[in-house]
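Structure record follows, encoded as structure tokens.
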Amino acid sequence: MNLFYKIITFKPSFGLRIVSGLVGIVLCLATCGIVGLTDMVAAQLKTNDDAFEGRLIEAGARVYFEQCARCHGLQGKGNDGAAPAISSVAFLGAKTPPTPSQRLKDIGWSGSIESYIEAVTASGIPIKSSQVWEQNHPPFAQRFGGPLRDDQIKNVTKFVANWKQKPYTDGVIEAPKPGAGSGPQPTPIPLGPKENAGLEVFKGAGGCTACHAIRGIATGAVGPTMNKIAATAEKRVTQADYKAAGGKATDVASYLRESIVSPNTYIVPDCPQGACASGVMTQNLQQTLKPEELENLIAYLMTLR
Amino acid sequence: MAIIGQKLVNQIRETGLKATVAQRTDDAFTRFTAGLTWDDVRGILRGDPPAKPNPRVKPHTEGFWFHIRPTFYHEAVTTLYPTFRLGYLSALFFLIETITGMFLMIFYTPSPERAFANMIDILTNVPFGSFMRDLHRLGAEVMVVVVTLHMWRTFITASYKKPRQFTWFTGVVLLIVTMFLSFSGYLLPWDQLAFWAVTIGTSMADAAPLVGREVNLLLRGAPDIGAGGLLRFYLFHVLLFPAIGLVFLGVHYYKVVRWGLSLPPEMEAIGEDTARKVDQTKRVMFMPDILTNEIMYAAVATAILAVASATFYNAPLETHSNPQVTPLHTVAPWYFYWLQGLIKIPHILPLGESLSFINKPVDEVFALVGLTPKMLWGIIVPPIIIVLLFAIPYIDPNPSRRYKDRKVALSLAVIFELLILYLSLGGIATGVPGTGFGYVGGNPVVEVAQEFIPDEGESEVKAIPFDQLIVGKYPLANDPAIDDHKAPKFREIVRAIYADMEHRKHVADPLGKKMPEEAEGDVTVRLLQEDLKEFVITIRYIDENQAPQTFSKNAYIHKNSDYH
């Protein structure tokens, strides 16, 4: 109780005021001095700068894998029929040994590679360039009708340019091969009305083109290519690992149906960007497609041999 | 010119150059201090007794700055109790916020395209930038505390009673201004924290009947917060609220001069106010006693704030605002937790199953007149609380300021404070640790990943040193295949993720949800670029429909990003 009374009736003496006031003022000035020294002399600002540069590259990576990897590939090496490499020496140039970017030379861009990446990402390429890719680079900036804010464009630019430290030379796709679309050419079979309707489902209601490639028709690069799916299916239904995974199909049609309505039953080993993963394919096609659409789609896929 | 020059020349001739300079300097100094000579000021700082007649009253009567400070205090209010210097400290923090705020204004543009980049600039390219931002942010939080405590002190010592009713009224305005200043500043960094806290805050206005949509539109400048909203909040923050604050601060201070500082309750007869009728022997002159005291408090408080800002305190900056992605577990600033708790009230009222029948009919009755629970608790109740605060001095019928006569008022205050505390705790999205009170978490599988790779804010995974992240795939286990010498921190985190997953299998969360028993998972580290890695937590489980599910969440980690 005595202590409590002492605290609430506390009143500093003049001596204490002068001492603690001076200590306070000196502490304030010293803190400012130390902050100034660490910021300017000990290069704290440089450390902060590097840290935020790193964090912005991290943010750019997220944008890249959400928006760009689908066409340019997980390692930026490009996808046949979809998009060229952007992590290659020819595109980025290299730091050691100093190599200029061949791409900038080819198109006569006088700015830096960063400014080129940012410009193309933002506005897209407005005309067909001489290398005939299936589609032009679309605009990604919101101000040009795309999905990304300007800060996201800047961050993804930082991420792509960061490959410059160790750009790839092997396995990169710089130009499309004739008849773009990965894998072997399917044998052309004339389509009847049912199969034609199925092709329309593939390109439209099914949304299949976003992930699957068929040479000359679609360039999706997430799921396995459909070029010779009917021939593949014929072999697969007899495979032991397919049966072990619980696959019940016995012929091409039932295999295709099973793969569409229950995509997780069997996961094929080879997707364009490495091993295929469970749960990536649309799970509810049985609900979203009408029964006759499903039938037509299967009929169409059965022609791909 | 000639005449002035002549006078100066004459003075130098008569008294010599040295004496003339001394006399003229002292003269200029005295004008500046509105009546104090250099010797007077030294005497004040040393605490010397005043000369007669006392020259130290002059600044109060003739100067601007001291005319809103009393000439003397009663000696009973110069000790720590009853004021605790809280009002003075509030004004001091207002000043600190103004100065640091002006510094930050130099480097800031209120535009969605520039604001976040400006924040990074302040932290990476402006000397003292990070320090000033920390000072400004920490100062703002402390100011909310100090102003609130000041109000509590005033209520407890009953200093709001006659004749200081209007002083209290202006004080409540200043409290609201402080809250709004703090909240409007929240949006300016334009990061996720800013964007979503203010989106939630302004969305409360949406629930207001009739004018809700319009009020929201006025605040945000558009249906959603964007360029218009940011500019408006900026102008509120740097012009409107400071201007209102300054006006009411002036009135508040003037009222203190007019009525004096209220004495400790037990020193006066009931119903009387003797703060201005102080016996000569009880007077403590403002100069030197109060002034030196205040300089000391200012120096010490500023030093504590500066040292805290320069050492452990770091103002948060999350990632760039993204209207498309709401981070999990978004919360209001802590001083508005009670408001968030208020909106959650149907879920946090301690009514067991047996009593829950009370809740439903109440909501139904309100629904009859077109009121939703959000409207009631978010729009109607908070203004009632504010109106009650304003009205306290006018509706309190008790003339006595003595503690023993104010049992009802003080008990009500304690109950009110407990309620605020209860609501505040209920407003924490992830629940009160240990009790889970107020918990709103989702799927335990998602919560495990959120625990280690939160959508925003500090992440244990991101704090793992870059070199320790050894590329590979590691099944979650108590003894993961990670070298303890090469990567101790990495190993520790993988073990912690496993432990957290196992814990959630056995212990249900406060909503009764458990991690599926057979859930298992792994951690994958990939090298994406020379200095960039990806850390993925994958958990596989069987959901309630017996369907196999895979959940994964990743973090990108750059060598330099320095999250620890």
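Chain identifiers are assigned alphabetically (A, B, ...) following the order of the sequence lines, protein sequences preceding nucleic acid strands; residue numbering begins at 1 within each chain. What you are looking at is a predicted structure, and each value in this text was computed from that prediction instead of being measured.
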Which atoms of [X] approach chain A - backbone, side chain, both or neither, heavy atom under 4.5 Å:
| X | result |
| --- | --- |
| B/Leu317 | side chain |
| B/Leu123 | both |
| B/Ala547 | neither |
| B/Ser552 | neither |
| B/Asp289 | both |

message = Applying a heavy-atom distance below 4.5 Å, give me the residues of residues 48-55 of chain A that approach chain B, sorted by number.
response =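 Heavy-atom contacts from residues 48-55 of chain A to chain B are A/Asn48, A/Asp49, A/Asp50, A/Ala51, A/Phe52, A/Gly54, A/Arg55.
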
Got a donor-acceptor contact below 3.5 angstrom from the [X] side chain to the [Y] backbone?
| X | Y | value |
| --- | --- | --- |
| A/Arg149 | B/Asn322 | no |
| B/Arg46 | A/Phe14 | no |
| B/Gln529 | A/Phe159 | yes |

Are the side chains of [Y] and [X] in contact, using a 4.5 Å heavy-atom criterion?
| X | Y | result |
| --- | --- | --- |
| B/Ile120 | A/Leu56 | yes |
| A/Glu58 | B/Thr319 | no |
| A/Lys166 | B/Asp531 | no |
| A/Met40 | B/Phe128 | yes |
| B/Asn554 | A/Phe65 | no |

request  = Would you indicate whether B/Glu458, at its atom CD, is surrounded by more than 12 heavy atoms from other residues, nucleotides or ligands within a distance under 6.0 Å?
outcome  =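 Counting neighbours around CD of B/Glu458, 12 or fewer heavy atoms of other residues, nucleotides or ligands fall under 6.0 Å, so no.
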
query = Does NZ belonging to A/Lys11 count more than 12 external heavy atoms closer than 6.0 Å?
reply =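 Result for NZ/A/Lys11: enclosed.
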
task = Test B/His558 against A/Asn162 for side-chain contact (heavy atoms from CB on, under 4.5 Å), laying out the working first.
result = CA-CA 11 Å; B/His558 191 276; A/Asn162 197 38; 4.2 Å; yes

query = Rounded to the nearest 0.5 Å, how far does CD1 of A/Ile25 lie from CD1 of B/Ile295?
reply =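 Answer for the CD1-CD1 pair, B/Ile295 versus A/Ile25, is 7.5 Å.
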
Is it the backbone or the side chain of [X] that comes under 4.5 Å from a heavy atom of chain B, or both, or neither?
| X | answer |
| --- | --- |
| A/Gln75 | neither |
| A/Ile18 | side chain |
| A/Ala59 | neither |

